[in-house]
Amino acid sequence: MNTVVKFWGVRGSIPTPGRTTVQYGGNTSCVEIRAGGRIIILDAGTGIRLLGRQLVAEFETQPLDLTLLLTHTHWDHIQGLPFFEPVYRPQNHLHILGYEGARHGLEMVLAGQMESPVFPIGLREVPANVRIEELKEMNFSIGPVRVQAAFANHPGICVGYRLFTSEGSIAFFPDNETVPEGAPPPQGAVATDTPAQAFGQSENRKMIEFLRGTDLLIMDTQYDAEEYKGHTGWGHGCLDDVVALALQAEVKTLFLFHHDPNHDDAKVSQMLAHARALVAARKRKLHVEAAREGATVTLPAATQDA
Ligand SMILES: [Zn+2]
Ligand SMILES: [Zn+2]
């Protein structure tokens, strides 16, 4: 049985419908993974609405047992949950896993966006069996799929996941600022007596080890190098740094993700071409794609279809 990855939302920060984003899509972060007989959903941005419609059409009255892994509770990663159709069907189970939000518990944050006056139906009132679990461990399993989590460099508590399937591994870091070597530590992130350079090196090294040999890496590449100069410390990735990181970690396929809401299709294509040129200049084999809404990727081949 193959592992199939499908992109339902690839945009960062806010949905961007319109003519200029038709090619890559305007929905926010949501990726579906079918592996080992499980359906695992990464993030619940607005793309999860479309996934919900697909699941209801495909499985009809058959009970669904779904797992949703949240990277963090920023709006663009949870906003689609109230519109996820399977939670309105009593036969379904949804297990939501994530780490605690900055000050509030995970359940409080998720229920908060479904409270009056901002939404008419409470999360605890939906007919499906929804179970919310705050993770404490960084290693756990979803059926036969082993999962490792690692903290991302992003404001508040935010993680990335690496999922090990029998057909290969998938790493998901939708929001992350790659720490270039020599970069100063982000405010409040570490003890202030850590020398800046050592911090950059150790963070970079930790991430390289976490990602080493990943078959499919889906990572925040919100800014190009020029834009990044004005956005250091914002918690989002610089394309050139992410390509360098993927090369160092010997990743097989990199998917550019969390496209900037101000980037139209032409700009995303241009960034993809730039990333491929960086790899070619280093005479390396890393395969690079830009994540596109509706596209599926099959492991072990890791090619983007549709
Ligand atoms: Zn985001
Ligand atoms: Zn975020």
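These figures come from a predicted structure and were not determined experimentally. One-based numbering, in listed order, for ligands and for the atoms of each.
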- prompt: Any cation-pi pair here, R146 with F164, using under 6.0 Å and within 45°?
  reply: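 Satisfied, under 6.0 Å and within 45°.
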task = To the nearest 10 degrees, calculate the angle at the Zn ion (ligand 1) involving OD2 of D175 and NE2 of H77.
result =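 Computed angle, vertex at the Zn ion (ligand 1), rounded to 10 degrees: 100°.
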Of I40, L55, N92, which meets side-chain contact (heavy atoms from CB on, under 4.5 Å) against L66?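 So, applying the side-chain contact (heavy atoms from CB on, under 4.5 Å) to L66 and each of I40, L55, N92, only L55 qualifies.
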- prompt: In H258, which N, O or S atom comes closest to the Zn ion (ligand 1)?
  reply: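 Minimum-distance N/O/S atom of H258 relative to the Zn ion (ligand 1) is NE2.
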Point to revise | Heteroatom of D76 nearest to the Zn ion (ligand 1) (N, O or S, atom name) | key: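 When I compare the N, O and S atoms of D76, OD2 is nearest to the Zn ion (ligand 1).
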Parallel, tilted or perpendicular: ring planes of F257 versus H259, cut at 30 and 60 degrees =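 Tilted, since the angle between the ring planes falls between 30° and 60°.
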**Request:** Examine F255 and V4 and state if one hydrophobic cluster contains both, with Ile, Leu, Val, Met, Phe, Trp and Tyr joined whenever side-chain heavy atoms are less than 4.5 Å apart.
**Result:**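 No, no single cluster joins them.
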Fill in: Path from L245 to V288 over hydrophobic side-chain contacts below 4.5 Å
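Yes, it is one cluster - the side chains of L245 and V288 are joined through contacts under 4.5 Å.
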### Message
Report the atom name of the nearest N/O/S atom of H154 relative to the Zn ion (ligand 2).
### Response
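In H154, the N, O or S atom with the shortest distance to the Zn ion (ligand 2) is NE2.
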query = Any idea which N/O/S atom from H74 gets closest to the Zn ion (ligand 2)?
reply =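 Among the N, O or S atoms of H74, the one closest to the Zn ion (ligand 2) is ND1.
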